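Written below as structure tokens is the structure these notes are about.
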Amino acid sequence: FEQDNLNSSVSGVAGAKDCPMAEAVKEKPSSFAEVVENCCAQLRRRQIQGSLPCAKRTAEIMRALLTMQRHPDAASLIDDVRAVGYKLQAAKPVELAIGNIVRRVLHLIREEAQTEKSDSEADSNDLGLPGKADGKQDLMKSQEPGLLSRAFKSNRTLSLSNLLDLGIEDIEKRVVEENDAAAAALADAPGGVRVSGNGASVQAPRVTTLAGVAAAVADADRSKGKHQKKDNWKAKHKLIEDINELLEELDNITSSITSQGVEHLHANEVILTLGMSDTTYAFLREAARKREFQVVVAEGAPRYDGHLQARKLADAGIQVTAIPDSAVFAMMARANKVLVGAHAVLANGGAIAPAGIHMVALAAHKHSTPLVVLVGLHKLSPQFPHDPDLLYNDFRGPAEVADCDMLAQGLPQQMAYAAAHSGAGGGSSEEASNSGGEARAQGASHQHQEHQQPQHHSPPGCPAESMCPPRNASAGTLHVPNPAFDYIPPHLISLFITDTGGYTPSYVYRLLTEYYSREDYLLSKALCFNDAAC
């Protein structure tokens with residue numbers, strides 16, 4: 001596990017040399033807890049963007065957990081994986097791929113534990129070893145010793161080789177005889193006290209039954225194990241190989257999806273898409289090597305990343321038409337397919353896609369145009385859209401929708417208005433300053449235009465201020481939301497093209513049972529690191 005990759009993005013942060021936290025992150029982690037904390041810090045600071053990079057980093061953290069920590073069995077390993085996974089998911093709740101990879105690893109652990117249990121049961125059956133209840137009855141029935149044991153009964157000592165040939169009475173009798181011989185050998189020690197190897201005086205135990213022998217041996221093993229390091233689960237080597245295969249699968253997801261382009265796109269078709277998607281671009285570029293088709297790209301306001309998509313497709317030799325988002329419904333009648341990417345796939349067959357695609361999906365449904373979603377299985381989530389713990393949307397800055405310079409023009413008037421009203425109401429200058437600071441913070445983050453000081457400015461076209469009505473700046477507020485994602489219900493989706501093939505939304509539940517265990521659908525908060533941040 002290359003731990004230096006966890007801190008590769010810190011060097012690009014401005015002023016990282018003067019930041020003590022950045023210097024601490026640059027240092028090589030000395031423990032697994034520091035590795036997890038560094039990864040969580042990068043997720044909170046949005047230094048890891050995108051579902052695929054987050055999924056890869058989560059898989060690397062899971063591999064580090066297996067290599068850097070010791071676990072005696074599968075149960076303890078599952079607890080640690082769930083705790084670490086919950087902490088990573090809490091650092092960036094909107095990125096569902098983090099929890100999906102954790103559930104994949106938990107499913108691998110449960111499968112390996114079940115395989116180990118089945119193999120042990122099969123070995124017991126092959127050896128003919130009876131169960132607990134059957135073994136006790138068979139042992140009670142075989143009271144008579146074997147012929148060979150009776151022939152050499154007088155001069156044969158008790159051992160594992162003749163343990164099954166002796167009866168219960170003979171075993172107890174032999175144990176009592178050997179115990180008496182040992183007591184006679186310790187006759188020189190007064191009171192049955194002997195001296196151990198480290199010089200301490202201990203009382204010699206007196207065992208009279210076979211059960212007592214087993215209990216004494218178990219006590220000795222427990223006392224010896226206190227000073228030894230706990231064992232490591234042997235199946236962890238196989239799990240590390242499985243996680244390496246999972247990382248290789250994540251590296252090949254895009255190529256696995258794009259290789260199916262020729263099967264789904266045909267000659268002289270018109271494909272409509274919205275915005276910029278790396279998977280969609282690679283899918284169309286790969287299909288264009290053997291098919292000739294046209295692509296209509298909606299610009300994807302307010303980011304307008306559809307302009308980049310159209311330019312890259314044109315550079316790849318594809319005939320492209322760029323349209324505004326308002327023309328999607330009019331152009332849908334000419335489209336044969338709608339091809340989009342997705343942020344996540346939910347358990348009911350719905351999808352979380354970039355904002356604006358819901359509008360495209362409704363237009364496609366109205367014109368009976370199939371909507372095809374390109375998505376990797378690392379984005380398959382077992383959560384439903386109505387789950388209260390699901391946080392699938394994020395909000396970007398309002399600068400993409402409204403110009404910050406335009407919004408900032410009203411801030412001085414807003415602060416003056418707040419200061420005047422707080423002074424008229426008997427408030428102090430400090431309260432007025434706090435009100436102005438609060439208004440300034442709201443204007444920077446949420447662009448709330450609070451009450452502004454009325455000013456007698458002349459609107460465009462007015463010859464003088466006296467001839468035009470004053471502008472009422474305190475008439476209302478301005479809120480500029482900029483959501484990042486849309487929810488697409490399953491009835492609007494025709495097909496999911498994944499790295500393992502094409503599936504309809506109704507088949508998603510089968511994929512959930514194949515890749516996840518039902519016990520791991522929810523990563524419990526109670527299993528976290530007992531950290532206040534969780």
Side-chain angles (χ1 to χ4, degrees), residues 5-10 35-65 81-106 243 246-247 249-251 253-254 275-279 303 305 340-347 350-355 357 373-385 387-397 482-488 496 498-499 512 515-516 520-525 528 531 533-534:
N5 293 335
L6 293 175
N7 310 317
S8 59
S9 58
V10 180
V35 174
V36 176
E37 289 297 335
N38 292 345
C39 184
C40 291
Q42 290 182 343
L43 290 173
R44 295 189 192 99
R45 292 194 295 262
R46 299 175 182 261
Q47 293 179 344
I48 307 176
Q49 293 285 352
S51 298
L52 189 58
C54 290
K56 291 181 179 179
R57 186 59 55 86
T58 304
E60 292 172 353
I61 292 294
M62 295 296 103
R63 184 174 61 183
L65 173 61
V81 170
R82 287 170 65 91
V84 174
Y86 181 84
K87 193 164 190 177
L88 294 174
Q89 184 68 87
K92 197 170 186 180
V94 73
E95 199 59 69
L96 303 181
I98 297 175
N100 299 337
I101 295 299
V102 174
R103 296 182 184 95
R104 286 280 296 271
V105 174
L106 288 171
I243 294 179
L246 178 59
L247 286 169
E249 175 186 336
L250 293 175
D251 291 334
I253 274 183
T254 302
M276 177 64 198
S277 171
D278 293 334
T279 306
R303 303 184 69 183
D305 49 359
V340 296
H343 177 70
V345 178
L346 301 182
I352 300 174
I357 293 183
V373 180
L374 306 178
V375 61
L377 287 180
H378 67 287
K379 299 181 180 181
L380 177 63
S381 175
Q383 295 180 292
F384 288 87
D387 288 344
D389 296 334
L390 177 63
L391 179 62
Y392 66 84
N393 213 337
D394 195 9
F395 287 88
R396 297 190 179 98
N482 186 14
F485 303 109
D486 270 345
Y487 168 67
I488 315 300
F496 288 109
T498 69
D499 47 308
L512 293 175
Y515 288 97
Y516 305 131
D520 305 322
Y521 281 3
L522 295 178
L523 301 177
S524 176
K525 186 174 181 179
C528 196
D531 193 354
C534 297

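Numbers for residues simply follow the sequence, beginning at 1. Side chains are part of it too, since the values below use all heavy atoms of this structure and drop only hydrogens, waters and symmetry mates. Small disclaimer: the values here were computed from a predicted structure and weren't measured.
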Exercise. Do NZ/NE/NH1/NH2 and the carboxylate oxygens of Glu249 and Arg104 come within less than 4.0 Å?
Worked result: yes

Exercise. Considering residues at least two apart in sequence or located in another chain, which fulfil the salt bridge (Lys or Arg N to Asp or Glu O under 4.0 Å) criterion with Asp387?
Worked result: none

For this session: Output yes when a side-chain donor or acceptor of Arg82 lies under 3.5 Å from a complementary backbone atom of Leu522, and no otherwise.
Result: yes

Problem set entry | Under the side-chain hydrogen bond (donor to acceptor under 3.5 Å, both in side chains) test, residues paired with Asn393 that sit two or more places apart | none

Exercise. Minimum heavy-atom separation for Cys39 to Arg57, with atom names?
Worked result: SG-CG, 3.5 Å

Exercise. Do you know which two heavy atoms are closest between Ala59 and Leu247, and how far apart they sit?
Worked result: CB-CD2, 3.4 Å

For this session: Go through the structure and list residues passing salt bridge (Lys or Arg N to Asp or Glu O under 4.0 Å) with Asp278, not counting sequence neighbours.
Result: none

Exercise. Taking all atoms of both residues into account, what is the closest heavy-atom pair of Ile101 and Ala55, and its distance?
Worked result: CG1-CB, 3.7 Å

Problem set entry | Pairing residues for Lys92 by the salt bridge (Lys or Arg N to Asp or Glu O under 4.0 Å) criterion, not counting sequence neighbours | none

Problem set entry | side chain to side chain contact (heavy atoms under 4.5 Å, CB included) against Ser277, all qualifying residues, sequence neighbours excluded | Thr279, Thr280

Exercise. Short question: side chain of Arg103, backbone of Tyr516 - any donor-acceptor pair under 3.5 Å?
Worked result: no

Exercise. For the residue pair Arg44 and Ala91, what are the closest heavy atoms and their distance?
Worked result: CG-O, 3.6 Å

Seminar exercise, completed: Residue set satisfying side-chain hydrogen bond (donor to acceptor under 3.5 Å, both in side chains) with Gln89, at least two apart, ordered chain then number -> none

Exercise. For the atom pair CD1 (Ile61) and SG (Cys40), what is the distance rounded to the nearest 0.5 Å?
Worked result: 8.0 Å

For this session: Any chance you could measure Leu43, atom CG, to Lys87, atom NZ, to the nearest 0.5 Å?
Result: 12.0 Å

Problem set entry | Partner set under side-chain hydrogen bond (donor to acceptor under 3.5 Å, both in side chains) for Thr498, not counting sequence neighbours | Thr500

Seminar exercise, completed: Rounding to 0.5 Å, atoms CG (Leu390) and CD1 (Ile352) come to a distance of 5.5 Å

Problem set entry | Value rounded to 0.5 Å, distance of OH in Tyr487 from NE2 in His343 | 14.5 Å

Exercise. With sequence neighbours excluded, what pairs up with Asp305 under the salt bridge (Lys or Arg N to Asp or Glu O under 4.0 Å) test?
Worked result: none

Exercise. Who are the side-chain hydrogen bond (donor to acceptor under 3.5 Å, both in side chains) partners of Tyr521, not counting sequence neighbours?
Worked result: none

In a table with atom names and distances, give each donor-acceptor pair under 3.5 Å that connects a side chain of residues 377-385 to protein atoms at least two apart or in another chain.
| residue | atom | partner | partner atom | Å |
| --- | --- | --- | --- | --- |
| Lys379 | NZ | Ala342 | O | 2.8 |
| Ser381 | OG | Gln383 | N | 3.4 |

Seminar exercise, completed: In terms of heavy-atom contacts, Gly99 and Leu523 come closest through CA-CD1, 4.3 Å

Exercise. So how far is it from Leu374 CG to Asp499 CG, rounded to the nearest 0.5 Å?
Worked result: 11.5 Å

Problem set entry | ring pair (Phe, Tyr, Trp, His ring centres under 6.0 Å) partners for Tyr515, two or more places apart | none

Problem set entry | Reported CD-to-CG distance for the pair Glu95 and Asp394, which is rounded to 0.5 angstrom | 9.5 Å

Seminar exercise, completed: Note: Leu88 and Thr58 closest approach over all heavy atoms is CD1-CG2, 4.1 Å

